[in-house]
Protein chains: 2
Amino acid sequence: MNSEQDQFSAIMDGWNSNAGQPVGNCPVRGVLDKISDKWSMLLVMTLASGPKRFNQLRRDIPDISQKMLTQTLRELQRDGMVSRKVYDTKPPAVEYSLTPLGHSIIVPFGHLIRWANDNHPHIDQARAVFDTPSDPA
Amino acid sequence: MNSEQDQFSAIMDGWNSNAGQPVGNCPVRGVLDKISDKWSMLLVMTLASGPKRFNQLRRDIPDISQKMLTQTLRELQRDGMVSRKVYDTKPPAVEYSLTPLGHSIIVPFGHLIRWANDNHPHIDQARAVFDTPSDPA
DNA sequence: CAGAATCCAATGGGATACTG
DNA sequence: CAGTATCCCATTGGATTCTG
């Protein structure tokens with residue numbers, strides 16, 4: 001019970017320096033902003049089950065465009081989350097896989113996904129209530 | 001060790017039905033997309049330390065515009081994460097606070113923030129390496 | 001197969017002015 | 001104080017076409 005509070009405090013201490021301080025240019029925000037694009041998390045989770053080739057990823061994520069797949073893979077590669085390996089065959093084969101860093105983010109992602117999975121009915125209900133114009137008495 | 005693997009498997013089972021199935025219209029994605037906007041997570045974490053009034057939030061998050069603060073608060077309220085309480089004084093006071101649902105998401109957010117805090121140097125380094133034009137031998 | 005390049009529509013989001 | 005309303009720009013991202 002108390003250790004949970006301690007853990008939370010540690011998180012908040014890392015989050016902002018102390019009581020009510022503005023969040024400002026926290027380097028954490030840069031990282032979270034990157035994660036917050038439309039496809040990064042989805043791509044990481046798709047690669048979590050093992051290395052995949054380009055068109056395999058397209059099939060696994062049917063609604064991603066080729067442009068965004070390429071672009072998001074490049075960004076993840078740049079951030080050291082994804083490794084790109086080219087087999088110089090004909091036609092060429094390119095295999096994408098998670099680096100150790102990329103693998104490590106699966107854990108916090110997993111927590112978030114689990115939370116979303118557990119609570120989306122609650123959210124849907126809250127929306128329905130909120131969107132109810134008003135209860136005419 | 002093994003229980004960690006079991007937990008991961010459970011996450012992935014919730015994520016997609018089974019081996020290599022497309023992610024498609026997973027309700028989890030709708031929740032995660034909402035979280036993935038620029039301000040939601042920041043606002044939730046700012047409210048984590050307690051209820052705050054409108055202009056207090058503006059001061060705590062100096063770089064949010066009034067438009068986005070209002071808009072994000074409305075969305076969080078609609079999703080049942082934030083509660084809005086109006087004190088009909090003059091001038092009016094409005095207090096925002098996390099609901100139990102909103103409070104519950106602090107935990108997975110905390111894991112992500114902790115990960116970002118732990119790994120952003122690693123990411124910065126990876127970027128520097130990636131952006132190095134080429135090592136001229 | 002694995003992309004690069006271009007065009008264009010939709011959305012996000014800031015600045016500013018006004019209100020109860 | 002706590003918003004609403006409008007304008008407008010920047011970014012995101014899809015569709016399409018082309019290449020080694």
Side-chain angles (χ1 to χ4, degrees), chain A residues 20 22-25 29-30 32-44 46-47 50-79 82-97 130, chain B residues 20 22-25 29-44 46-47 50-79 82-97 130 133:
Chain A
V23 182
N25 52 356
R29 281 185 64 181
L32 297 180
D33 280 356
K34 270 227 45 62
I35 286 165
S36 297
D37 68 276
K38 197 174 181 182
W39 301 110
S40 292
M41 181 158 48
L42 196 51
L43 216 43
V44 168
T46 303
L47 284 173
K52 283 184 177 51
R53 291 177 53 185
F54 190 83
N55 281 313
Q56 181 63 44
L57 288 169
R58 296 192 68 172
R59 283 188 294 274
D60 287 355
I61 311 174
D63 54 342
I64 195 172
S65 67
Q66 176 266 328
K67 173 185 174 179
M68 291 317 296
L69 178 54
T70 304
Q71 183 175 311
T72 308
L73 283 170
R74 285 294 169 281
E75 289 167 3
L76 290 173
Q77 187 188 354
R78 185 173 111 97
D79 291 346
V82 159
S83 166
R84 179 177 185 265
K85 187 170 186 180
V86 181
Y87 297 91
D88 207 358
T89 57
K90 176 171 157 313
V94 179
E95 188 185 78
Y96 292 94
S97 58
F130 188 87
Chain B
V23 183
N25 50 358
R29 281 185 62 181
V31 176
L32 297 181
D33 279 356
K34 270 225 48 60
I35 286 165
S36 297
D37 68 275
K38 197 174 181 182
W39 301 111
S40 291
M41 181 159 46
L42 196 52
L43 216 42
V44 168
T46 302
L47 284 173
K52 284 185 176 53
R53 291 175 55 183
F54 190 82
N55 282 313
Q56 180 63 44
L57 289 169
R58 296 193 69 172
R59 282 188 294 274
D60 287 355
I61 310 174
D63 55 341
I64 194 172
S65 66
Q66 176 269 333
K67 174 185 173 180
M68 291 317 295
L69 178 54
T70 304
Q71 183 175 310
T72 308
L73 283 171
R74 285 295 169 280
E75 288 166 5
L76 290 173
Q77 187 188 355
R78 184 174 112 97
D79 291 346
V82 159
S83 167
R84 180 177 184 266
K85 186 170 184 179
V86 181
Y87 297 91
D88 208 357
T89 57
K90 177 171 152 327
V94 179
E95 189 185 76
Y96 292 94
S97 58
F130 189 88

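Keep in mind that this is a model prediction, so the values were computed, not measured. All chains are named by letter (A, B, ...) in the order of the sequence lines, taking the proteins before the strands, and each is independently numbered beginning at 1. Scope of the values below: all heavy atoms of this structure, side chains included, with no hydrogens, waters or symmetry mates.
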Separation of [Y] [atom2] from [X] [atom1] (nearest 0.5 Å):
X	Y	atom1	atom2	answer
A:T72	A:L76	OG1	CG	6.5 Å
B:R58	B:L69	CZ	CG	7.0 Å
A:K85	A:S97	NZ	OG	8.5 Å
A:I35	A:D37	CD1	CG	9.5 Å
B:I61	B:L43	CD1	CG	4.5 Å
A:M41	A:T46	CE	OG1	11.0 Å

**Asked** Which listed nucleotide (D:dG3, D:dG14, D:dT16) is nearest to the side chain of B:V94?
**Response**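 Output: D:dG3.
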**Prompt:** Between B:R53 and B:P92, what is the shortest heavy-atom contact and its length?
**Reply:**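 Shortest heavy-atom separation between B:R53 and B:P92 comes out as NH2-O, 4.1 Å.
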**Smallest separation among heavy atoms of B:D63 and B:W39, with atom names** =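 Between these two residues, the closest heavy atoms are O-CH2, 3.4 Å.
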Just wondering, do [Y] and [X] contact through their side chains at under 4.5 Å, heavy atoms?
X	Y	value
B:R74	B:Q77	yes
B:F130	A:D79	no
B:R84	B:L73	no

Measure [atom1]/[X] against [atom2]/[N] and give the value in whole Å, please.
X	N	atom1	atom2	result
B:M68	D:dA5	CE	C1'	15 Å
B:L69	D:dC1	CG	P	13 Å
A:D37	D:dT12	CG	C1'	10 Å
A:D33	D:dT12	CG	P	11 Å
A:R74	D:dT12	CZ	P	17 Å
A:I64	D:dA15	CD1	P	12 Å
B:L73	D:dC1	CG	P	16 Å
B:F54	D:dG3	CZ	P	5 Å

**Asked** Is B:R58 near enough to D:dA2 that one of its side-chain N or O atoms lies under 4.0 angstrom from OP1 or OP2?
**Response**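 No, B:R58 has no side-chain N/O under 4.0 Å of OP1/OP2 on D:dA2.
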**Message:** Closest-nucleotide mapping onto DNA chain C: is A:Q66 or B:P91 further toward the 5' terminus? I mean the 5' end.
**Reply:**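 Upstream on the strand: A:Q66.
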**Request:** Determine to 10° how strongly the helix from C:dC1-D:dG20 to C:dG20-D:dC1 is bent, judged from the axes of its five-pair ends.
**Result:**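 About 50°, once rounded to a multiple of 10°.
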**Message:** On DNA chain D, compare the nucleotides closest to B:Y96 and A:S65; which residue's is nearer the 5' end?
**Reply:**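 Nearest-nucleotide comparison on DNA chain D picks B:Y96.
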What are the atom names and distances for every N/O pair under 3.5 Å that joins the protein to nucleotides 7-11 of chain D?
none

**Item:** Side-chain donor-acceptor pair present, A:Q56, A:R59, cut-off under 3.5 Å
**Value:**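 Result is yes, a qualifying pair exists.
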**Message:** Using a 4.0 Å cut-off to any heavy atom of chain B, which nucleotides of DNA chain C are the first and last in contact, reading 5' to 3'?
**Reply:**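 Span of nucleotides near chain B: C:dG13 to C:dG20.
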**Request:** For B:Q71, report the nucleic acid contact type (base, sugar-phosphate, nothing); a contact means any heavy atom under 4.0 Å.
**Result:**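 Contact class for B:Q71: none.
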**Prompt:** Across the strands shown, which category fits B:K90 at heavy-atom distances under 4.0 angstrom: base, sugar-phosphate, nothing?
**Reply:**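 If one applies the 4.0 Å heavy-atom cut-off, B:K90 turns out to touch nothing in the nucleic acid.
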